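First up is the structure itself, then whatever we jot down about it.
Not measured: the values here are computed from a predicted model.
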Amino acid sequence: MRGREAVRFVIDIEVTDPRRFRELVAECVAITREEAGVPVYDWYLAPDGDRARLYEAYESLDALRAHVAGPVFTEVGPRLLETCRFTRVEAFGAVPDEMRAGPGLAPTIWWDDPIAAVSGSAEAEGG
């Protein structure tokens, strides 16, 4: 995997407590902002407050592993899950089988590296 964003995720979320959800998401962002190799970590909340989406990207599998082992998952994550439910995950990039086999947050669609891309993460150009 090459490129600025080697692994990406789009995660759909049902929110049950929008106020607390916003607070915890702000904690997640503050922590992630200090992590190396995370060029994108963007949370979106629907105007009605009952749906959210997370778009995140990692420069490498090492950056992803560090994020998963860090405080977003170990400290904030359990509290966040009291305010929401992850309903769908789409993962983009060649994620190794051992990461795919682990317990997931929600049903996941796994996409490999793009066959062509502007982002620089494509191994092949034009298919």
Side-chain angles (χ1 to χ4, degrees):
M1 266 179 299
R2 304 180 211 303
R4 211 178 84 221
E5 299 172 12
V7 183
R8 303 172 188 153
F9 295 89
V10 176
I11 301 171
D12 292 332
I13 304 158
E14 289 179 0
V15 178
T16 57
D17 183 346
R19 183 195 58 77
R20 185 74 177 129
F21 179 81
R22 281 177 178 269
E23 292 170 0
L24 293 167
V25 162
E27 282 187 51
C28 291
V29 168
I31 292 166
T32 303
R33 203 174 262 135
E34 300 301 318
E35 295 176 347
V38 187
V40 180
Y41 190 73
D42 300 341
W43 292 80
Y44 301 86
L45 185 62
D48 59 16
D50 68 354
R51 293 170 294 118
R53 180 164 285 164
L54 169 60
Y55 176 64
E56 56 188 323
Y58 299 88
E59 292 176 353
S60 66
L61 289 174
D62 288 340
L64 173 59
R65 285 184 179 107
H67 180 75
V68 170
V72 166
F73 272 73
T74 61
E75 297 172 22
V76 183
R79 291 182 283 140
L80 183 66
L81 290 176
E82 295 172 0
T83 70
C84 66
R85 183 174 73 85
F86 290 71
T87 60
R88 177 182 164 150
V89 176
E90 287 198 57
F92 302 85
V95 177
D97 289 341
E98 73 269 9
M99 292 183 84
R100 293 178 187 220
L105 295 172
T108 302
I109 299 171
W110 297 97
W111 300 89
D112 287 326
D113 285 333
I115 60 170
V118 172
S119 67
S121 59
E123 295 282 335
E125 290 298 322

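- One distance of note links NE2 of His67 with CG of Asp62; it measures 14.5 Å at 0.5 Å rounding.
- Counting only heavy atoms from C-beta outward, the side chains of Arg65 and Val68 never approach each other to under 4.5 Å.
- Of all non-hydrogen atoms in Pro18 and Gly49, the two that sit nearest each other are CG-O, 3.3 Å.
- For Trp110, the CH2 atom counts as densely surrounded, since its 6.0 Å shell holds more than 12 non-hydrogen atoms of other residues, nucleotides or ligands.
- Pairing each heavy atom of Phe73 with each of Pro78, the nearest pair is O-CD, 3.4 Å.
- No donor-acceptor pair under 3.5 Å is formed between the side chain of Thr74 and the backbone N or O of Val72.
- Taking CG of Leu24 as the reference point, atom CD of Glu82 lies at 8.0 Å (rounded to 0.5 Å).
- At a threshold of 4.5 Å between non-hydrogen side-chain atoms, the residues Leu80 and Phe21 count as touching.
- Thr83 OG1 to Arg22 CZ: the interatomic distance, rounded to the nearest 0.5 Å, is 12.0 Å.
- Expressed to the nearest 0.5 Å, how far CD1 of Ile11 lies from CD of Glu90 amounts to 10.5 Å.
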**Tyr41 vs Glu35, side-chain contact (heavy atoms from CB on, under 4.5 Å): CA-CA, chis, key distance, verdict** = CA-CA 11 Å; Tyr41 190 73; Glu35 295 176 347; over 6 Å; no
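- Nearest approach of Val15 to Ala52, heavy atoms of both residues: CG2-CB, 3.8 Å.
- The line from CD1 of Ile13 to CZ of Arg51 is 12.0 Å long, rounded to the nearest 0.5 Å.
- Taking the side chain as every heavy atom from C-beta outward, Val89 and Phe9 approach each other to under 4.5 Å.
- A donor-acceptor pair under 3.5 Å is absent between the side-chain atoms of Asp42 and the main chain of Tyr55, judged by distance alone.
- Nearest heavy atom pair, residue Pro39 against residue Tyr58, reads CD-CA, 4.2 Å.
- Between Val40 and Glu56, the closest side-chain pair of non-hydrogen atoms is not below 4.5 Å.
- At a threshold of 4.0 Å, the pair Asp17-Arg79 does not count as salt-bridged, since none of the basic side-chain nitrogens sits closer than that to a carboxylate oxygen.
- For the atom pair OG1 of Thr16 and CD of Glu14, the computed distance is 9.0 Å after rounding to the nearest 0.5 Å.
- Closest approach of Arg100 to Gly93, counting heavy atoms only: NH2-O, 4.1 Å.
- Residues Glu27 and Glu23 have side chains not in contact (no heavy-atom distance under 4.5 Å, counting atoms from C-beta outward).
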**Criterion side-chain contact (heavy atoms from CB on, under 4.5 Å) on Glu75 and Ile31, from CA distance to verdict** = CA-CA 11 Å; Glu75 297 172 22; Ile31 292 166; 5.5 Å; no
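- Nearest approach of Ala36 to Ala63, heavy atoms of both residues: O-CB, 3.7 Å.
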